[in-house]
Amino acid sequence: MTLPQPRPGIMDIAIYEPGKSQVQGARRVIKLSSNEAALGPSPKAVAALAGSLGESHRYPAGDSGEVREALGKAHNLDPARIICGAGSDELLGLVMRGFAGVGDEIIHTAHGFAMYNIYAKGVGATPVVAPEKDLTTDVDAILARVTPKTRIVFVANPNNPTGTYIPGSEMRRLRAGLREDILLVCDDAYAEFVDAPDYESGFALASETENTIAMRTFSKIYGLASVRLGWGFGAKNIVGVMERIRSPFNVSRPAQFAGLAALADRDHVARTKAHTKKWLAIGLQRLRGLGLKVGESHGNFLLPEFPKVPGKTAAECDAFLQENGIIVRRVDGYGLPNHLRVTIGDEEEMTVLLDVMAAFMERK
Ligand code: PMP
């Protein structure tokens, strides 16, 4: 008997491991493992979610029309060039299914977001890894890996889990150096946290070219990871392909209502950003003060590097944090076995986290 066989590449996929959410035996858990928003969702988004539930028997708007209109207004973009998805994750998968297949190559950076590799294998394409320089996207390394088979290049900017970014000029140099038929995906999941003056969101390139798409999400600064809402902005020829292959009601009604309310609550976004920036700075200073190597982060997380000294390793710190009810993210799977990724939490969570980290580093 021959059992059903998966398509080539699928069994090579290491299943995505989400940040843990539970610790055995811990009464109260501090979860800083999934880059979720420190202050939670806007109360207005929560009210909109609750208000939408009575209509649960209705299918949602299939084209997320109101959300696309509101996003277009908020960002001064043409709504006809916006596509919404169940998280930006869905959209990354649609890009892959629409533009790459068996025998094609896609390029992502060495410590880039894990799903690029997984989606590539899912369609039978070959992921090609471009090394980074100082944990930062290296445009020349990407360009050096382009072959006639290259179809898509994925760059998270800022990147998760490194927290580093490349300036607009570098992204433009990348676009200019890629063949016209190669799609560039600017994954801007953390764009709203960035203050660096030379940063440029992917919107500009996606407006000016017909082979670039910018991705955004409501999972990070808007605090709506659970409802699943992401969006992309690109030329009609790119978005039109994705529209053809997405499922008909891919964004739920609660997600559409919550997204609209969250987008309108600019005060909540500003509060979340200010809080995150404040604790990034405090965290950076405290962790460096403990002797850890930590780079500046442009997302909502820090990535301390631990010494390879027995008693002080990343794995041992992770175990110590868990004993104290704190979950952060091991990043071995991203090729970073000596680092831990720590999401910025609320004030109490950050105070406890930094004290427990200090206790770990100071213990004999
Ligand atoms: N891109 C990057 C760089 C991310 O870090 C994440 C979430 N961890 C995503 C995309 C996916 O986010 P979502 O599907 O929740 O929009």
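No experiment lies behind these values; they were computed from the predicted model shown. Atoms within a ligand are numbered from 1 in the order they appear, just like the ligands themselves. In what follows, every heavy atom counts, from backbone to side chain, and hydrogens, waters and symmetry copies are set aside. Along the sequence shown, residues carry numbers from 1.
Contact residues for ligand 1 (protein heavy atom closer than 4.0 angstrom to any ligand atom): Gly87, Ser88, Asp89, Phe113, Ala156, Asn160, Asp187, Ala189, Tyr190, Thr217, Ser219, Lys220, Arg228.
Remark: side-chain polar atoms of Lys277 are paired, donor with acceptor, to backbone N or O of Phe193 under 3.5 angstrom. When atom types are taken as modelled, the side chain of Arg228 and the backbone of Glu90 share no donor-acceptor pair closer than 3.5 angstrom. Judged by distance alone, the side chain of Asn160 and the main-chain N or O of Phe113 form no donor-acceptor pair under 3.5 Å.
For Arg329 and Tyr16, the positive end sits near the middle of the six-membered ring, less than 6.0 Å away and at most 45° from its axis.
Salt-bridge formation is detected for the pair Glu36/Lys31: a Lys NZ or Arg NE/NH1/NH2 atom is positioned less than 4.0 Å from an Asp or Glu carboxylate oxygen.
Residue pairs meeting the ring-ring contact (aromatic ring centres under 6.0 Å, His included) criterion with at least one partner in residues 283-319, sequence neighbours excluded, are Tyr165-His298, Tyr190-Phe301.
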